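See structure below.
Residue numbers count from 1 along this sequence. Please read these numbers as outputs of a predicted model, since none were measured by experiment.
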Amino acid sequence: MQKVRAVGGLFFKCNNPEKLATWYKEHLGFELEAPFCAVFNPEKAQPADKTVWGVFKNDTDYFSPSRQRFMFNFIVDDVRAMLAQVTRAGARQVGEVETEDYGDFGWFIDPEGFKVELWSPKEPAQSS
C-alpha cells in the first residue's frame, strides 16, 4: 500500500491573494517563491517540529470566531512574540496563550478572517 509521506501544500481561496501573501511575508516572515506561494523546506525544521493532520466535528467551536471550515497551524519559535508582532500588523488575537506538555499555543484572525494557530513545540523530555 502507498502511504503519504508529508503534507505537500495548503491551498485556499481568499479575496485578495497578493495582499494576503504580502501580509504573511511582512509579518510572519514567509519566504515567497512565487507571487502567492511560500515553501517551507523540511531541512529547516527542528527535531520537535511535525505536521499534524486532524479532523473535527462540524459543530466544533475550535475554529471560532472564524467561520472558515479549516484553520492554519504554524510552528514558531516564540508564540507570544509572534502574537505581538501580528497584532501590531492588524491581526486580532483570539484567547490567551495556552501551555501544554508538548508546547505553547496561541491564536489570531488574519486580515481575511482565517483563524491561525501558532505552536511552539517543546522538545520531548529525555529519559535518564
Side-chain angles (χ1 to χ4, degrees):
M1 176 175 98
Q2 293 291 308
K3 294 183 180 181
V4 172
R5 293 183 320 162
V7 173
L10 173 61
F11 308 100
F12 60 98
K13 297 178 182 180
C14 69
N15 293 319
N16 191 330
E18 184 175 4
K19 184 176 180 180
L20 191 60
T22 299
W23 189 87
Y24 273 82
K25 176 183 178 183
E26 291 175 356
H27 304 292
L28 279 93
F30 279 32
E31 296 176 18
L32 299 180
E33 291 193 4
F36 316 124
C37 295
V39 174
F40 303 95
N41 292 307
E43 63 270 5
K44 292 184 179 179
Q46 297 177 15
D49 295 354
K50 59 185 168 187
T51 301
V52 177
W53 180 88
V55 294
F56 292 78
K57 288 185 173 187
N58 276 327
D59 62 354
T60 185
D61 62 355
Y62 194 66
F63 300 178
S64 295
S66 176
R67 300 181 75 118
Q68 304 293 345
R69 295 186 51 84
F70 63 92
M71 179 180 65
F72 309 128
N73 173 293
F74 297 126
I75 297 171
V76 299
D77 290 327
D78 184 327
V79 169
R80 286 172 179 81
M82 182 61 82
L83 283 170
Q85 183 173 302
V86 298
T87 56
R88 283 192 305 271
R92 181 170 52 93
Q93 182 172 338
V94 177
E96 299 299 320
V97 173
E98 295 182 14
T99 299
E100 302 290 343
D101 292 341
Y102 44 91
D104 295 333
F105 294 86
W107 302 266
F108 69 89
I109 302 296
D110 79 7
E112 286 261 353
F114 294 99
K115 186 174 184 183
V116 177
E117 181 174 69
L118 302 173
W119 173 34
S120 181
K122 289 184 183 173
E123 293 292 329
Q126 300 294 323
S127 45
S128 36

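- By the rule that hydrophobic residues join a cluster once side-chain heavy atoms approach within less than 4.5 Å of another member, Phe36 and Tyr24 end up as members of separate clusters.
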Distance-only donor-acceptor hits, side chain of residues 45-54, under 3.5 Å, sequence neighbours excluded:
from: Asp49; atom 1: OD2; to: Gln46; atom 2: N; distance (Å): 2.9

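- Minimum interatomic distance between Pro121 and Ile75 (heavy atoms only, all atoms of both residues): CD-CG2, 3.6 Å.
- Closest of all the heavy-atom pairs between Leu83 and Gly106 is CD1-CA, 4.0 Å.
- Here the CG-CG distance, from Leu118 to Asp77, works out to 11.5 Å after rounding to the nearest 0.5 Å.
- Pairing each heavy atom of Phe105 with each of Asn73, the nearest pair is CE2-ND2, 4.4 Å.
- For Phe30 and Phe74, the ring centers are positioned less than 6.0 Å apart.
- One hydrophobic cluster, built from ILVMFWY side chains closer than 4.5 Å, cannot hold both Val97 and Trp119; they sit in different ones.
- The two atoms that bring His27 and Met82 nearest to each other are O-SD, 3.8 Å, heavy atoms only.
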Inset, instruction - In sequence, state the C-alpha distance, the side-chain angles, and the governing distance for Ile109 and Ser66, and then conclude on side-chain contact (heavy atoms from CB on, under 4.5 Å). - result: CA-CA 7 Å; Ile109 302 296; Ser66 176; 4.2 Å; yes
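- Closest approach of Leu28 to Trp23, counting heavy atoms only: CD1-CZ3, 3.5 Å.
- Put simply, the residue from Phe72, Phe108, Phe63 that forms a ring pair (Phe, Tyr, Trp, His ring centres under 6.0 Å) with Phe114 is Phe72.
- Neither Leu10 nor Phe56 shares a network with the other; the hydrophobic side chains, linked directly or stepwise wherever heavy atoms of I, L, V, M, F, W or Y lie under 4.5 Å apart, form separate groups for each.
- The shortest non-hydrogen separation linking Gly113 to Gln68 is O-CG, 4.1 Å.
- With Asn41 contributing its side chain and Glu43 its backbone, the two residues share no donor-acceptor pair below 3.5 Å.
- Linking Ile, Leu, Val, Met, Phe, Trp and Tyr whenever their side-chain heavy atoms come within less than 4.5 Å leaves Trp107 and Leu20 in two separate clusters.
- The side-chain hydrogen bond (donor to acceptor under 3.5 Å, both in side chains) contacts involving residues 88-103 comprise Thr99-Asp104, where partners must be two or more places apart or lie in separate chains.
- The CD atom of Glu117 sits 4.0 Å away from the CE atom of Met71 when rounded to the nearest 0.5 Å.
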